[in-house]
Amino acid sequence: MIVVPESAIPALIDRGAAFDAVEGVFAAMSRREAYNFPVIREDIGYADALYGFKSGFDRAGLTLGLKSGGYWPGNEAKGLTNHQSTVFLFDPDTGRLKAVVGGNYLTALRTAAASAVSIAHLAREDAKVLGMVGAGHQSAFQMRAAAEQRDFERIVGWNRNPARLETLAKAAAEIGLPFEAVDLDELGAQADVVITITSSFEPILKSHQIKPGTHIACMGTDTKGKQEVEAELVARATAFTDEIAQSTSIGECQHAVAGNLIGASDIVELGAVINKDHPGRSSQDEVTLFDGTGVGLQDLAVAGAVVELARAAGTAVETDL
Ligand code: NAD
């Protein structure tokens with residue numbers, strides 16, 4: 001069995017490898033070669049923690065396993081990250097434990113890779129302005145991965161607490177792009193690609209704020225009740241997602257579906273676009289929206305890549321169970 005500790009992971013896997021792993025598994029999901037098992041998420045009644053499992057099997061990549069973890073709100077006071085997770089990979093031929101991989105950094109990397117894959121396949125080729133809504137832990141990961149997908153000239157950003165945009169401004173400077181804090185009207189008027197990455201339970205962006213041709217990646221909504229954009233905007237856009245069952249139940253599309261503005265059959269798997277079974281964007285004026293709900297197979301895909309990279313680098317820690 002191989003152990004890849006959290007501290008070793010940033011040096012092993014880069015954004016390009018995460019992009020390839022996530023794009024590959026979305027494609028395999030759409031070919032029905034990979035599927036996610038039902039998600040378990042429980043309020044354990046201790047330490048205010050939410051704990052659960054996301055798992056699945058990719059027959060194409062032969063990746064079997066689970067991500068176990070959750071949210072411990074008291075961690076920050078202990079100097080730890082509130083979100084904690086670990087990935088366990090099993091040998092699909094024998095069921096033996098194959099690897100244990102730290103899941104915290106990988107979660108941010110694979111979530112950013114998902115929106116980057118959506119931008120690569122759905123945004124207008126001539127997109128010049130990237131708009132960021134949200135400035136929490138995930139946001140800089142999102143921004144860096146997105147910035148590599150088009151020839152962006154500038155980034156505009158909005159956050160409920162504008163002071164936190166400083167982190168994004170710093171990351172933008174490192175990428176070499178100008179960054180401006182704006183209000184939501186200005187953000188929608190300027191941005192050709194928008195990423196929303198917040199914990200909001202209310203729509204932040206309204207349909208009238210989004211100009212024709214925009215690609216929006218809604219990445220924050222991963223739970224029943226959360227919402228980042230108006231349901232009318234989801235209905236106006238062509239909606240794409242990682243997994244339709246999650247999109248209609250816990251993703252951004254849940255509200256448009258509950259309000260009968262769209263049905264599940266209106267939502268397209270991003271994997272179908274990757275596999276060229278769906279044309280993706282059909283016109284320069286079309287608004288495309290990616291509902292990135294976050295699936296266990298994404299975690300397994302990047303963890304599998306990390307194990308191979310650790311082996312190749314000779315840094316894999318082998319141990320018997
Ligand atoms: P964080 O706690 O570090 O930051 C939260 C962000 O949401 C901040 O920018 C905050 O200002 C904003 N926010 C919270 N409530 C808001 C409201 N009512 N209106 C406007 N903005 C609001 O969280 P994070 O780690 O950056 O994660 C952001 C979200 O992404 C979380 O909801 C998390 O569950 C989700 N997430 C999704 C995936 C996925 O695969 N889709 C993966 C990881 C995290």
Side-chain angles (χ1 to χ4, degrees), residues 18 21-22 25-26 29 36 39 41 48-52 54 56 67 69-76 80-85 87 103-118 131-146 157-169 171 181 183-184 187 194-206 209 216-230 240-243 245-247 249-254 270 289-303:
V22 169
V25 83
F26 283 170
M29 281 164 61
N36 294 288
V39 174
R41 196 163 164 89
D48 292 327
L50 289 173
Y51 173 71
K54 281 188 167 183
K67 176 166 90 167
Y71 186 72
W72 275 260
N75 274 7
E76 208 170 322
L80 298 168
T81 313
N82 288 354
H83 288 274
Q84 289 292 330
S85 61
V87 181
N104 295 351
Y105 182 80
L106 284 183
T107 298
L109 204 65
R110 65 77 147 150
T111 307
S115 61
V117 170
S118 85
M132 296 296 307
V133 174
H137 177 69
Q138 308 290 330
S139 62
F141 287 90
Q142 291 283 329
M143 195 177 78
R144 287 176 194 278
W158 177 91
N159 191 50
R160 190 172 57 166
N161 170 5
R164 288 192 69 175
L165 288 169
E166 192 50 40
T167 319
L168 283 184
D183 64 25
L184 288 169
L187 186 134
V194 177
I195 296 177
T196 59
I197 182 74
T198 73
S199 309
S200 178
F201 281 79
E202 308 285 337
I204 301 169
L205 274 173
K206 309 292 180 335
Q209 291 169 315
I216 310 160
C218 295
M219 303 306 297
T221 299
D222 56 359
T223 304
K224 197 168 167 47
K226 278 189 185 171
Q227 185 170 13
E228 299 191 289
V229 305
E230 203 174 46
F240 299 82
T241 190
D242 40 23
E243 189 185 86
Q246 285 205 163
S247 173
S249 56
I250 59 167
E252 194 60 42
C253 289
Q254 63 180 292
L270 182 55
L289 183 145
F290 174 62
D291 181 4
T293 65
V295 293
L297 282 169
Q298 277 170 262
D299 299 297
L300 305 188
V302 288

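Note: hydrogens, waters and symmetry copies are ignored here, and every other heavy atom, side chains too, is used. In this chain, numbering begins with 1 at the start of the sequence shown. Counting starts at 1 for both ligands and their atoms, in listed order.
- For ligand 1, one of its N or O atoms has an N or O atom of His137 under 3.5 Å away.
- Ring geometry for Tyr71 versus His83: interplanar angle of 30 to 60°, hence tilted.
- Nearest heavy-atom pair across Thr196 and Cys218 is OG1-CA, 3.1 Å.
- Listed for the Ser249 side chain is a donor-acceptor partner under 3.5 Å among the backbone atoms of Ala245.
- Nearest non-hydrogen protein atom to atom 20 (C) of ligand 1 is Ile204 CD1, 3.5 Å.
- Residue, atom and distance of the protein heavy atom nearest to atom 2 (O) of ligand 1 are Ser199 OG, 4.4 Å.
- Between Phe26 and Phe290, the ring-plane angle classifies as tilted under the 30° and 60° cut-offs.
- The shortest N or O to N or O distance between Asp222 and ligand 1 is below 3.5 Å.
- With a 4.0 Å heavy-atom cut-off, ligand 1 is reached by no atom of Glu202.
- Closest approach of Thr221 to Asp291, counting heavy atoms only: O-OD1, 4.5 Å.
- Ligand 1 has no nitrogen or oxygen under 3.5 angstrom from a nitrogen or oxygen of Phe201.
- In terms of protein heavy atoms, atom 4 (O) of ligand 1 is closest to Gly136 CA, 3.3 Å.
- Atom 40 (O) of ligand 1 has Arg110 NH1, 2.7 Å as its closest protein atom, hydrogens excluded (heavy atom only).
- When the options Gln298, Arg160, Gln246 are ranked by their closest heavy atom to atom 22 (C) of ligand 1, first place goes to Arg160.
- When all heavy atoms of Lys54 and Thr293 are compared, the pair lying nearest together is NZ-O, 4.2 Å.
- At a heavy-atom distance under 4.0 Å, no atom of Thr221 approaches ligand 1.
- Side-chain contact check for Glu228 and Thr198: at least one donor-acceptor pair (N or O, by modelled atom type) lies under 3.5 Å.
- Counting all heavy atoms, side chain and backbone alike, Ser115 lies closest to Ala217 at CB-CB, 3.8 Å.
- Shown in contact with Gly134 at under 4.0 Å from a heavy atom are these atoms of ligand 1, numbered in order with element: 9 (O).
- Checked by distance only, ligand 1 and Ala135 come closer than 3.5 Å through their nitrogen or oxygen atoms.
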- Item | Test log, rule side-chain contact (heavy atoms from CB on, under 4.5 Å), inputs Asn75 and Thr81 | CA-CA 6 Å; Asn75 274 7; Thr81 313; 5.9 Å; no
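- Nearest heavy-atom pair, Ile204 versus Trp158, reported as atom, atom and distance to 0.1 Å: CG2-CZ3, 3.7 Å.
- Among protein heavy atoms, atom 42 (C) of ligand 1 sits closest to Thr111 OG1, 3.2 Å.
- At a heavy-atom distance under 4.0 Å, only side-chain atoms of Lys226, from C-beta outward, approach ligand 1.
- With respect to atom 6 (C) of ligand 1, the closest heavy atom belonging to the protein is Thr198 CA, 3.9 Å.
- The two residues Gly136 and Arg164 make their nearest non-hydrogen contact at CA-NH2, 3.6 Å.
- For Thr107, no nitrogen or oxygen atom sits less than 3.5 Å from a nitrogen or oxygen atom of ligand 1, counting backbone and side chain alike.
- For atom 10 (C) of ligand 1, the nearest protein heavy atom (residue, atom name, distance) is Asn159 OD1, 3.9 Å.
- Of all protein heavy atoms, the one lying nearest to atom 24 (P) of ligand 1 is Gln138 CG, 3.4 Å.
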